[in-house]
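Step one of this worksheet: look at the structure below.
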There are 2 protein chains.
Amino acid sequence: MSEPERRPFVSARMVAERAGVSRSAVSRTFTDGASVSEETRRKVLEAAGELGYHVNHLARGLRESSNIVCLLVADITTPIRARLVDVLTRKLQAAGKVIMIINTGTDEESTASALRQTLNYRADATVVLSGTPSAKLIETSLANGQQVVLINRDDPLSGCHNLSVDNEMAGREAFFLLRRAGCKRLALVTSTARTASLLERERVFVDVARAAGMSVTVMASGPTTYASGYESARRLFGRSQGPDGVFCVTDLLALGFMDAARHEFGLSLPGDLCVVGFDDIEEGDWQSYKLTTFAQPFTAMGDHVVELLAQSSPAETGRQVFEPVPIWRKSVRPSAD
Amino acid sequence: MSEPERRPFVSARMVAERAGVSRSAVSRTFTDGASVSEETRRKVLEAAGELGYHVNHLARGLRESSNIVCLLVADITTPIRARLVDVLTRKLQAAGKVIMIINTGTDEESTASALRQTLNYRADATVVLSGTPSAKLIETSLANGQQVVLINRDDPLSGCHNLSVDNEMAGREAFFLLRRAGCKRLALVTSTARTASLLERERVFVDVARAAGMSVTVMASGPTTYASGYESARRLFGRSQGPDGVFCVTDLLALGFMDAARHEFGLSLPGDLCVVGFDDIEEGDWQSYKLTTFAQPFTAMGDHVVELLAQSSPAETGRQVFEPVPIWRKSVRPSAD
DNA sequence: GACGCAAATGCACTTGTGTGCAATCGTCAT
DNA sequence: ATGACGATTGCACACAAGTGCATTTGCGTC
């Protein structure tokens with residue numbers, strides 16, 4: 001049953017034996033500022049090279065901090081998530097962290113078990129990109145001295161860092177963009193996944209429009225995907241009088257919406273219809289779309305995360321709001337004036 | 001300088017003290033099949049719950065295997081990579097592994113340092129999705145008892161598992177598809193990143209075409225991106241006589257190519273031009289493209305990786321080739337017959 | 001009540017590190 | 001030659017777990 005010998009990882013002890021020095025000497029050779037003679041150091045490095053020795057960071061993590069950061073994320077294949085993961089892994093790595101990724105569902109239970117796993121591996125910090133952990137779980141993390149960073153998760157939970165984008169600004173600006181373009185019949189396309197971010201963009205857009213005396217048709221046909229945006233367009237234009245100005249709370253929805261409008265109903269943009277998105281995914285810049293949208297300032301957000309985790313003392317945990325930057329392309333008519 | 005007290009992680013010892021039992025009892029409570037009385041177990045679980053205790057898998061990994069699998073990957077934002085990462089993380093997690101992700105460059109040096117980090121964390125296995133590690137480095141990994149899996153990396157290196165897609169079949173089938181559609185002037189669009197996979201698709205396509213008495217214009221304008229495919233189309237159609245049948249070695253290239261052909265030169269597909277891609281990214285199924293392509297069988301590949309890592313004894317390390325499956329959409333004319 | 005047997009428990013060792021403290025080594029000056 | 005002093009070095013402990021082995025505990029039976 002038990003395999004006879006399977007511990008091929010070479011340890012400091014083996015290096016010490018081969019080099020004819022004490023294990024402490026090996027340890028000191030690989031720690032900066034420790035006192036080792038040049039001669040010993042040379043012998044150790046030689047033996048280490050021959051055996052292929054690598055310091056065991058897991059064991060080192062027993063004493064000090066593990067340097068592990070966990071990324072909880074769902075829907076990695078979504079362009080926007082992939083970009084966020086890309087930026088974060090890059091920047092965290094550059095800061096000397098090691099990234100453990102947990103591909104979780106968006107439901108509460110799967111986020112919960114993921115967060116628990118995070119603790120099992122003594123991660124210094126957990127960055128939550130999707131799904132919202134319960135307050136109780138976050139408390140457990142904090143009790144274990146772990147920092148928690150929520151990105152675009154809203155519901156600002158106390159004790160952890162909250163980074164988010166100014167959805168209010170986006171909703172407001174989207175409306176002004178469409179009004180300036182002379183749109184008369186507004187619609188808002190969202191998804192059935194009622195995330196706080198999406199809800200806020202929707203709420204603000206609708207409120208501002210109503211305040212300006214315009215009504216808004218709200219449509220949600222499924223998850224936050226291309227297909228769902230496509231379907232929303234079919235439903236909206238299947239009616240007698242379709243909209244001529246649409247704010248899609250996500251670029252993916254917008255692209256699906258545009259395709260349906262063009263290919264199923266022969267509409268042309270921005271002549272017959274203006275569309276505004278949100279996220280600024282690469283696909284939106286493709287020649288077939290040239291979508292006017294708002295960019296999430298990912299690099300700034302990534303920098304901020306690194307900065308937060310750099311300071312070991314989690315001083316002020318709070319909410320940090322980032323301004324999305326409007327990207328002007330061709331899916332909205334330039335204003336008349 | 002040294003912080004006075006900062007070890008907030010709760011350990012088995014603390015739980016033991018609180019529950020009034022020995023530390024061994026705590027350990028046994030959390031290991032299946034160990035001998036603990038119901039009473040002790042209850043006390044331990046209660047104390048653990050109050051303190052928020054979580055077994056330290058890092059410490060456990062010191063004795064047994066770490067259950068860590070490293071993913072070396074570049075260009076995560078690329079749709080195809082994101083999907084691969086998604087599938088692998090999902091399946092590996094389900095198999096009880098923990099995934100450490102390293103966002104590396106494609107250059108040799110950055111792959112090297114990434115692979116070394118892998119060893120530092122005693123990963124059971126390393127899965128390389130991009131970049132090709134040197135043979136010497138792989139040797140070090142193997143010497144440390146670590147399994148290495150290369151996906152679509154070709155250059156079959158001995159000692160590690162190689163999974164790849166049948167590029168030869170793809171190149172051949174792409175040609176037959178275009179010929180059956182009646183295309184007379186063939187072109188092949190690739191990137192300047194001369195990966196083995198891409199090179200093989202190119203080689204086979206060109207060879208088969210020549211054998212059939214047709215010449216092929218080969219064009220590469222940059223990295224494996226949409227923009228580069230777009231540029232290739234501009235160059236090809238800027239000449240007197242553009243191609244009427246094109247195999248793009250990647251879907252992203254194909255989509256860029258199609259957009260340029262349509263929007264810059266007013267061509268219509270599949271009437272004036274037939275395009276075949278490779279990868280089957282989601283965007284290819286969008287209404288604006290409906291790209292005929294070959295799908296990489298990711299779920300099968302993922303299953304195979306899990307299977308390989310499940311068996312602790314790395315029995316036969318070799319090459320496993322997966323058949324891409326043709327996806328018929330609308331960017332190629334149906335054959336005349 | 002004593003004995004036997006099984007279940008439960010605790011001690012001590014293991015894994016691979018880093019490091020405080022004490023001992024040793026080497027060098028230089030008196 | 002000896003003392004002083006600084007640079008090395010090794011011992012032993014800490015970290016957080018799992019487990020073999022010996023010991024203790026509990027229970028039933030004669």
* Out of D/dG18, D/dT9, D/dA16, which nucleotide sits closest to the side chain of B/Glu64? -> D/dG18
* Nearest-Å distance, CZ (B/Arg122) to P (C/dG16)? -> 8 Å
* Asked: Is the closest side-chain heavy-atom distance between A/Leu309 and A/Gln147 below 4.5 Å?
  -> yes
* Closer than 4.0 Å, any side-chain N/O of B/Arg60 to the OP1 or OP2 of D/dG18? -> yes
* Asked: Hey, does A/Ser24 reach any base, or is it just sugar-phosphate, or nothing, if we go heavy atoms under 4.0 Å?
  -> base
* Which nucleotide in C/dT17, D/dT9, D/dA17 has an atom nearest any side-chain atom of B/Val55 -> D/dA17
* **Side-chain donor/acceptor contact of A/Arg23 with base of C/dG18 under 3.5 Å** => yes
* Asked: Of the nucleotides C/dG10, C/dG18, D/dA16, which one has an atom closest to the side chain of B/Asn56?
  -> D/dA16
* Asked: The side chain of A/Ser22 lies closest to which of these nucleotides: D/dT19, C/dT19, D/dG10?
  -> D/dG10
* To do: Can you figure out which of C/dT17, C/dA8, D/dA16 approaches the side chain of A/Leu62 most closely?
  => D/dA16
* To do: To the nearest Å, give me how far apart CG (B/Asn67) and P (C/dT15) are.
  => 20 Å
* To do: Grab the two heavy atoms, one from A/Val148 and one from A/Cys160, that are nearest each other, plus how far apart they are.
  => O-CB, 3.1 Å
* Protein-nucleotide distance (A/Leu58, atom CG; D/dA17, atom C1'), rounded to Å -> 12 Å
* Counting any heavy atom closer than 4.0 Å, what does B/Ser11 reach on the DNA or RNA strands: base, sugar-phosphate only, or nothing? -> sugar-phosphate
* Aromatic ring proximity, centroids under 6.0 angstrom, B/His54 and B/Phe9 -> no
* Asked: Between atom CZ in B/Arg42 and atom C1' in C/dA8, what is the gap in whole Å?
  -> 16 Å
* Structure fact -> Of B/Ala59 and B/Val21, the one whose nearest nucleotide on DNA chain C sits closer to the 5' end is B/Val21
* Asked: When the distance from CD of A/Glu17 to C1' of D/dG10 is rounded to whole Å, what number comes out?
  -> 15 Å
* Check every strand shown and say whether A/Phe30 touches a base, only sugar-phosphate, or nothing at a heavy-atom separation below 4.0 Å. => nothing
* What is the nucleic acid contact for B/Arg41, judged by heavy atoms within less than 4.0 Å: base, sugar-phosphate only, or nothing? -> nothing
* To do: Whole angstrom is fine here: how far is it from NE2 in A/His54 over to P in C/dG16?
  => 15 Å
* To do: Under 4.0 Å between any heavy atoms, over every strand shown, what does B/Val26 touch: base, sugar-phosphate, or nothing? Just pick one.
  => nothing
* B/Gln117 vs B/Ile102 side-chain heavy atoms within contact, under 4.5 Å -> yes
* Report which part of the nucleic acid B/Ser37 touches: base, sugar-phosphate, or nothing (heavy-atom distance under 4.0 Å, all strands). => sugar-phosphate
* Using a strict 4.0 Å threshold on nitrogen-to-oxygen distance, state whether A/Arg42 and A/Glu39 make a salt bridge. => yes
* Across the strands shown, which category fits B/Arg13 at heavy-atom distances under 4.0 angstrom: base, sugar-phosphate, nothing? -> sugar-phosphate
* To do: Respond yes when some side-chain nitrogen or oxygen of A/Tyr121 is under 4.0 Å from OP1 or OP2 of D/dA16, and no when none is.
  => no
* Asked: For the side chain of A/Thr31 and the backbone of A/Ser27, is there at least one donor-acceptor N/O pair under 3.5 Å apart?
  -> yes
* **Distance, rounded to the nearest Å, where A/Asn120 contributes CG and D/dA17 contributes C1'** => 12 Å
* To do: Report the distance from atom CZ of B/Phe9 to atom P of D/dA17, rounded to the nearest whole Å.
  => 11 Å
* To do: Using a heavy-atom cut-off of under 4.0 Å over every strand shown, decide if A/Ser35 touches base, sugar-phosphate, or nothing.
  => base
* Within the pair A/Ser27 and C/dG16, is there a side-chain N or O less than 4.0 Å away from OP1 or OP2? -> no
